[in-house]
> 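Please read through the structure below; I'll follow up with questions.
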Amino acid sequence: VGSGKTATVLCLVDEAKRRRPTGVERPKLAAPRLIIVPINLPSQWCAEVEKFFPGALRVVSLLTAKDLKVVTQEMIQSADIVLTTFNLLRSKSYVDMSEGAILRVVGDHVDRKLLRVKTTLQTWSRVLGGDIGVPLLECFSWDRVVVDEFMECVETPRDLRLLKLFSCKIFWGMTATPDLRPESLLSWYFFAKDAPVVHPKLTKALLQVILRRAPGAECTAPNNSLLLVKPNEDEMHLLDEARGSVENSIKVGCAPYTS
């Protein structure tokens with residue numbers, strides 16, 4: 001608290017707005033910045049906007065079921081910041097709105113479990129030619145998605161799955177109190193490793209921290225030796241399933257054998 005995270009993000013938003021080229025046609029579902037905050041912080045974010053950039057940044061808040069009926073696609077795309085919470089994204093009102101909008105196009109014969117899948121959302125929005133007509137946030141292509149107090153959502157697999165539904169150029173997870181326990185870092189690692197918007201050095205650094213902090217890690221002397229090994233049939237099959245293709249041999253770190 002008080003480390004200037006909110007002010008830094010707002011400064012970045014204002015700078016990006018001023019540098020945005022004018023007269024350039026944007027894609028149908030292009031959207032600005034989506035900021036997902038804990039349920040107790042929307043008013044603080046709005047107050048910070050008024051404090052640092054009074055009247056300069058347009059904020060659209062999507063926080064309650066009532067907002068779902070008022071906020072339009074045009075309002076979202078013309079805003080500088082769209083503010084929401086995981087509570088809304090998980091809410092029955094929001095889920096019913098998104099599923100209802102998709103079912104009106106594809107029909108009731110579709111398995112409802114497939115409605116909240118990224119490919120379904122993207123296909124549905126393309127079928128409508130980008131005119132989705134409802135504030136379904138997962139259908140937009142965001143310039144940036146920011147999650148305030150990110151470590152809180154790392155502890156909830158459901159929230160991580162929700163995050164994976166969003167398409168964005170850049171993703172920021174903000175926290176002043178990072179949870180460096182291996183289990184929390186591992187959850188973040190599995191989210192980040194498949195995200196093309198995450199800097200490649202970040203996942204490597206996360207994995208190194210996880211291994212250093214794992215129980216018993218301090219008892220084992222580091223060993224940097226490499227041994228060239230060939231996977232057996234079962235290992236090849238598992239690697240094929242996990243990665244699609246593998247080389248005939250892989251390098252793995254291993255300690256010398258001692259009897």
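Atom set for the values below is all heavy atoms of this structure, side chains included, hydrogens, waters and symmetry mates excluded.
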> How close do C139 and L29 get, counting heavy atoms only, and between which atoms?
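Closest pair (atom of C139, atom of L29, distance): O-CD1, 3.5 Å.
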
> Checking T84 side chain against L62 main chain: does a donor-acceptor pair fall under 3.5 Å?
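Such a contact is found between T84 side chain and L62 backbone.
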
> Could you give all pairs that pass the salt bridge (Lys or Arg N to Asp or Glu O under 4.0 Å) test and reach residues 6-15, with sequence neighbours left out?
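The answer is D14-R18, E15-R18, E15-R19.
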
> With side chain to side chain contact (heavy atoms under 4.5 Å, CB included) as the test, would you mind laying out the steps for V71 and V60 before giving the verdict?
CA-CA 8 Å; V71 174; V60 169; 3.8 Å; yes

> Does anything in residues 48-63 form a salt bridge (Lys or Arg N to Asp or Glu O under 4.0 Å)? List the pairs, not counting sequence neighbours.
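Every pair satisfying salt bridge (Lys or Arg N to Asp or Glu O under 4.0 Å) with a residue in residues 48-63: there are none.
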
> Is any side-chain heavy atom of F86 closer than 4.5 Å to one of V147?
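Yes; the side chains approach each other to less than 4.5 Å.
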
> Could I get the full list of side-chain contact (heavy atoms from CB on, under 4.5 Å) partners for S61, not counting sequence neighbours?
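For S61 the side-chain contact (heavy atoms from CB on, under 4.5 Å) partners, ignoring immediate neighbours, are C46, V59, L63, L83.
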
> How far does OG1 of T6 sit from CH2 of W45, to the nearest 0.5 angstrom?
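One gets 4.5 Å once the value is rounded to the nearest 0.5 Å.
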
> For a 4.5 angstrom cut-off between non-hydrogen side-chain atoms, does C168 reach F171?
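The answer is yes; the side chains approach within 4.5 Å.
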
> Looking only at non-hydrogen atoms, find the nearest pair between L57 and L10 and report the distance.
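Where L57 meets L10 most closely, the heavy atoms are CD1-O, 4.1 Å.
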
> Would you kindly confirm whether M75 and L34 end up in one hydrophobic cluster when ILVMFWY residues are joined by side chain heavy atoms under 4.5 Å apart?
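Yes, same cluster.
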
> For K28, which residues count as a salt bridge (Lys or Arg N to Asp or Glu O under 4.0 Å) partner, sequence neighbours excluded?
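Once residues adjacent in sequence are excluded, the partners of K28 under the salt bridge (Lys or Arg N to Asp or Glu O under 4.0 Å) criterion are D131.
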
> Which of these passes side-chain contact (heavy atoms from CB on, under 4.5 Å) with R33: I170, V13, V145?
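Only one of I170, V13, V145 forms a side-chain contact (heavy atoms from CB on, under 4.5 Å) with R33, namely V13.
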
> Determine whether I76 and L137 make a side-chain contact, defined as any pair of heavy atoms from C-beta on separated by less than 4.5 Å.
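Yes, side chains in contact.
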
> Mind checking what makes side-chain hydrogen bond (donor to acceptor under 3.5 Å, both in side chains) contact with W142, not counting sequence neighbours?
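Listed in chain order: nothing, the list is empty.
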
> Hey, quick one: are I81 and V70 part of the same hydrophobic cluster, counting side-chain heavy atoms closer than 4.5 Å, chains of contacts allowed?
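Hydrophobic grouping puts I81 apart from V70.
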
> List for me each residue that meets side-chain contact (heavy atoms from CB on, under 4.5 Å) alongside L12, sequence neighbours excluded, and say none if there are none.
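Expected list: R144, W172.
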
> Can you pull the salt bridge (Lys or Arg N to Asp or Glu O under 4.0 Å) pairs that have at least one residue in residues 67-93, sequence neighbours excluded?
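Those involving residues 67-93 are K17-D80, R90-D159, K92-D96.
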
> What distance separates E149 CD from T175 OG1, expressed to the nearest 0.5 Å?
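Answer for the CD-OG1 pair, E149 versus T175, is 5.0 Å.
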
> Among residues at least two apart in sequence or on other chains, which ones pass side-chain contact (heavy atoms from CB on, under 4.5 Å) with A7?
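Scan of A7 (side-chain contact (heavy atoms from CB on, under 4.5 Å), adjacent residues dropped) gives F52.
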
> What pairs with S91 under side-chain contact (heavy atoms from CB on, under 4.5 Å), at least two apart in sequence or on another chain?
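Per chain and number, S91 pairs via side-chain contact (heavy atoms from CB on, under 4.5 Å) with L88, S93, Y94.
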
> Do the side chains of T72 and P135 get nearer than 4.5 Å, heavy atoms only?
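A side-chain contact under 4.5 Å is absent here.
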
> Does a side-chain heavy-atom distance below 4.5 Å link M174 with F150?
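The answer is no; the side chains never approach within 4.5 Å.
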
> Testing the basics here: between G4 and T8, what is the closest heavy-atom pair and its distance to 0.1 Å?
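In terms of heavy atoms, the two residues are closest at O-OG1, 2.7 Å.
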
> Evaluate the criterion side chain to side chain contact (heavy atoms under 4.5 Å, CB included) for residue pair M97 and L136; output intermediate values, then yes/no.
CA-CA 8 Å; M97 177 205 71; L136 188 46; 4.2 Å; yes

> Do L41 and D148 have side chains that get closer than 4.5 Å, going by heavy atoms?
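A side-chain contact exists here, since the closest heavy-atom pair is under 4.5 Å.
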
> Using the test side-chain hydrogen bond (donor to acceptor under 3.5 Å, both in side chains), find all partners of Q73 that sit at least two apart in sequence or belong to another chain.
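Residues passing side-chain hydrogen bond (donor to acceptor under 3.5 Å, both in side chains) with Q73: Q77.
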
> Could you state the interatomic distance from OG (S141) to CZ (F166), rounded to the nearest 0.5 Å?
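With rounding to 0.5 Å, OG (S141) is 12.0 Å from CZ (F166).
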
> What is the distance from atom CG of L163 to atom CD of E138, rounded to the nearest 0.5 Å?
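One finds 10.0 Å between CG of L163 and CD of E138.
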
